[in-house]
Amino acid sequence: MVVETRDQAEMRERLRCLREAGVDGSMIRIDTLCGRLTLPTTYRLSRFVTGPARESEHEHSDH
């Protein structure tokens with residue numbers, strides 16, 4: 001996850017930064033967690049991670 005925020009402008013700014021950094025748009029996920037009663041709407045910006053991160057996870061689980 002890159003950021004979870006209630007501020008839609010902040011989420012858009014982080015998304016813009018990812019795109020400017022050359023991140024492939026197909027590797028980005030945006031979720032809108034709709035507010036209910038006392039819970040405010042929250043925006044979650046995530047980036048899919050490929051191979052190298054999985055390898056490092058396996059290294060940690062082996063120790």
Side-chain angles (χ1 to χ4, degrees):
M1 182 170 46
V2 175
V3 67
E4 183 171 298
T5 181
R6 296 180 193 156
D7 184 355
Q8 189 176 34
E10 179 184 3
M11 189 271 307
R12 287 181 179 160
E13 176 64 19
R14 297 295 283 274
L15 178 59
R16 185 185 63 76
C17 290
L18 286 174
R19 288 181 174 156
E20 286 180 356
V23 174
D24 180 357
S26 68
M27 300 300 285
I28 297 172
R29 175 178 170 154
I30 300 170
D31 294 295
T32 302
L33 309 174
C34 296
R36 297 284 189 266
L37 300 173
T38 60
L39 299 174
T41 297
T42 303
Y43 305 96
R44 183 179 293 159
L45 178 62
S46 304
R47 179 177 171 190
F48 292 104
V49 181
T50 58
R54 287 190 200 126
E55 290 174 13
S56 65
E57 287 175 12
H58 291 299
E59 289 173 12
H60 293 296
S61 64
D62 291 339
H63 296 291

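- Hydrophobic cluster membership differs between Met27 and Ile30, with clusters built from Ile, Leu, Val, Met, Phe, Trp and Tyr side chains linked at under 4.5 angstrom.
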For residues 15-25, dump all side-chain donor-acceptor pairs below 3.5 Å to protein atoms at least two apart in sequence or in another chain.
residue: Arg16; atom: NE; partner: Glu13; partner atom: OE1; Å: 3.2
residue: Arg16; atom: NH1; partner: Glu20; partner atom: OE1; Å: 2.9
residue: Arg16; atom: NH1; partner: Glu20; partner atom: OE2; Å: 2.4
residue: Arg16; atom: NH2; partner: Glu13; partner atom: OE1; Å: 3.3
residue: Arg16; atom: NH2; partner: Glu13; partner atom: OE2; Å: 2.3
residue: Asp24; atom: OD1; partner: Ser26; partner atom: N; Å: 3.0
residue: Asp24; atom: OD1; partner: Ser26; partner atom: OG; Å: 3.1
residue: Asp24; atom: OD2; partner: Ser26; partner atom: OG; Å: 2.9

Below 3.5 Å, can you tabulate the donor-acceptor pairs from side chains in residues 33-42 to any protein atom, sequence neighbours excluded?
residue: Thr41; atom: OG1; partner: Gly35; partner atom: N; Å: 3.1
residue: Thr42; atom: OG1; partner: Pro40; partner atom: O; Å: 3.4

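- Each of Arg12, Glu10, Gln8, Arg6 was evaluated against Tyr43; a single residue qualifies, Gln8, per the side chain to side chain contact (heavy atoms under 4.5 Å, CB included) test.
- Arg29 is linked by a side-chain contact (heavy atoms from CB on, under 4.5 Å) to Asp31, Ser46, Phe48, counting only residues two or more places apart in sequence or in another chain.
- Scored by the side chain to side chain donor-acceptor pair (under 3.5 Å) test, Arg44 finds Glu4 as partners (sequence neighbours excluded).
- Residues passing the side chain to side chain donor-acceptor pair (under 3.5 Å) test with Thr32, sequence neighbours excluded: none.
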